[in-house]
Chemist: 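If you scroll down you'll find the structure; I have some questions about it.
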There are 2 protein chains.
Amino acid sequence: MRISDVVAEYIRRMLDESDGTAEIQRNELANSLGCVPSQINYVISSRFTQEQGYVVESRRGGGGYIRITRIRLTTDKGSVIMHIVNSVGESLDELSANIILENLCSNGVISQEVTKLITAGVSERVLTQVPKVLRNEVRATIFKNMLLTLT
Amino acid sequence: MRISDVVAEYIRRMLDESDGTAEIQRNELANSLGCVPSQINYVISSRFTQEQGYVVESRRGGGGYIRITRIRLTTDKGSVIMHIVNSVGESLDELSANIILENLCSNGVISQEVTKLITAGVSERVLTQVPKVLRNEVRATIFKNMLLTLT
DNA sequence: TTGACTTTGACTTTAACTGACTTTAGCCTT
DNA sequence: AAGGCTAAAGTCAGTTAAAGTCAAAGTCAA
């Protein structure tokens, strides 16, 4: 198993056990999980981004910390979707799309069925025929249009 | 016996033994079966396609993998969809897509929500960025892949 | 002998991981 | 206060470990 997944798992558990907020000390955690400190930054920047529904704050120096908070989507589904649609630009890569969809799904905004459907519709596999330079743009268009049918 | 068949056989056995899902490491498998890594891609793309009822996911980079899942048709609806998927060729125009979808919808095979979603995903409007000559092909691919998630 | 299917390997892309170096905050000493 | 020491966290570019792509060459049956 990848170290990144171990770290991510550890943080997720902390989030679950406390009320959606985890405060860690970078060096200490790195040490206890047997990785290099910057690995923690890597994990956070690849798996706990704002797009994925987390807020990260931190402080350097003596007594420093990293605090990760999971944002609960409380707003109504329609406006959540509108918000996503507006925040997606003219271009969207596959990984980002998947992350957004997983998030919407785990927050109950869209069903598993819909998640799978849209995931399939914007997957790289499906777009191999379109010229590479256009793929992310086409993906963004498809993605937004499909989401919009749900509002 | 061809190497491709050995590889395909190996993967099929994995699928049978586990619960219809096989996760492999490309290089490792290639090595243990005595072929070149890209052979695995060839086998997958020629024998484990969507039309043949498989879903393939993968991840690159350290700790990467290829996961192949066999879709099993449990429901009657599943086989209707499978039939449609197989009857759609490499190319599909918007009108035909819409007709098929409306049919599936009015026969209760797919919901209105799903109908709207797929319709949006294969609409001409969404594909304006892709070169005209490719549009119907891309549409067919998207269409089939989306439908397959419903089986 | 031709055309579809297979095999191969060189090259590309992506994700994970690492460590040297930088920046920041608190504390202590004067 | 000011300056320096120390204990954090941040950055970034470079390395490694995968999987993906593609076109050229090989095989084989009709």
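Just the heavy atoms: all of them, side chains too, but no hydrogens, waters or symmetry mates, feed the values below. Residue numbering restarts at 1 for every chain, and letters A, B, ... go by the order of the sequence lines.
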Chemist: Do the side chains of Arg13(A) and Glu17(A) get close enough for a salt bridge, i.e. N-O under 4.0 angstrom?
Modeler: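 Yes, charged N to carboxylate O under 4.0 Å.
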
Chemist: Could you tell me the separation between the OH atom of Tyr65(A) and the C1' atom of dG10(D), rounded to a whole number of Å?
Modeler: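 Rounding to the nearest Å, OH of Tyr65(A) and C1' of dG10(D) are 15 Å apart.
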
Chemist: OP1 or OP2 of dC12(D) versus the side-chain N and O atoms of Ser38(A): is any pair under 4.0 Å?
Modeler: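 For dC12(D), neither OP1 nor OP2 has a side-chain N or O of Ser38(A) closer than 4.0 Å.
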
Chemist: Please report, rounded to the nearest Å, how far the C1' atom of dT11(D) is from the CD1 atom of Ile40(A).
Modeler: 16 Å

Chemist: Can a side-chain donor-acceptor contact be found between Gln52(B) and Thr49(B) if the only test is distance below 3.5 angstrom?
Modeler: yes

Chemist: Rounded to whole angstrom units, what separation is found between the CD1 atom of Ile66(A) and the P atom of dT24(C)?
Modeler: 16 Å

Chemist: How close or far is atom C1' of dT24(C) from atom CD of Glu57(A), stated in whole angstroms?
Modeler: 17 Å

Chemist: Rounded to the Å, how far apart are Leu29(B) CG and dA19(D) C1'?
Modeler: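 So the CG-C1' distance, Leu29(B) to dA19(D), works out to 13 Å.
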
Chemist: For Gly64(B), which contact category applies under a 4.0 Å heavy-atom criterion: base, sugar-phosphate, or nothing?
Modeler: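 Touches sugar-phosphate only.
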
Chemist: Given dT21(D), dG20(D), dG10(D), which nucleotide is nearest the side-chain atoms of Ser58(B)?
Modeler: dG20(D)

Chemist: Output yes when at least one side-chain N/O atom of Asn41(B) is less than 4.0 Å from OP1 or OP2 of dG20(D), else no.
Modeler: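 Checking dG20(D) against Asn41(B), a side-chain N or O does come within under 4.0 Å of OP1 or OP2.
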
Chemist: dG20(D) P sits how many Å from Asp93(A) CG, rounded?
Modeler: 17 Å

Chemist: Is Asp16(A) paired with Arg70(A) through a side-chain N to carboxylate O contact shorter than 4.0 Å?
Modeler: yes

Chemist: Could you state the atom-to-atom distance from CG of Asn31(A) to P of dG19(C) in whole Å?
Modeler: 13 Å

Chemist: Just N and O in the side chain of Gln39(B): are any of them under 4.0 Å from OP1 or OP2 of dT8(C)?
Modeler: yes

Chemist: Measuring to OP1 and OP2 of dG20(D), would you say a side-chain N or O of Arg59(B) lies under 4.0 angstrom away?
Modeler: no

Chemist: Tell whether Arg60(A) reaches the base of dT23(C) with its side chain through a donor-acceptor pair below 3.5 angstrom.
Modeler: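 Yes.
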
Chemist: Given dA19(D), is OP1 or OP2 found less than 4.0 Å from the side-chain N or O atoms of Asn27(B)?
Modeler: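 Yes, because at least one side-chain N or O of Asn27(B) sits under 4.0 Å from OP1 or OP2 of dA19(D).
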
Chemist: Within this structure, what is the CD-to-P distance between Gln25(A) and dT6(D), rounded to whole angstrom?
Modeler: 19 Å

Chemist: Quiz question: by atom type and distance under 3.5 Å, do the side chains of Asn145(A) and Arg125(B) form a donor-acceptor pair?
Modeler: yes

Chemist: For the residue pair Gln129(A) / Thr141(B), report whether a side-chain donor-acceptor contact shorter than 3.5 Å exists.
Modeler: yes

Chemist: Pick base, sugar-phosphate or nothing for Arg26(B), based on heavy-atom distances below 4.0 Å to the nucleic acid.
Modeler: base

Chemist: Any side-chain N or O of Arg47(A) below 4.0 angstrom from OP1/OP2 of dA16(C)?
Modeler: yes

Chemist: Starting at the 5' end of DNA chain C, which residue's closest nucleotide do you reach first, Gly62(B) or Gly61(A)?
Modeler: Gly62(B)

Chemist: If dA30(D) has a Watson-Crick or G-U wobble mate with both distances under 3.5 Å, name it; if not, just say none.
Modeler: dT1(C)

Chemist: Which is more 5' along DNA chain C, the nucleotide nearest Leu95(A) or the one nearest Gly34(B)? Just name the residue.
Modeler: Gly34(B)

Chemist: For dT7(C) and Tyr42(B) - does any side-chain N or O of the residue sit under 4.0 Å from the phosphate oxygens OP1/OP2?
Modeler: no

Chemist: Quick test of your reading of the model: are Arg135(B) and Glu94(B) salt-bridged, counting only N-O distances below 4.0 Å?
Modeler: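 A salt bridge is absent here (no side-chain N lies under 4.0 Å from a carboxylate O).
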
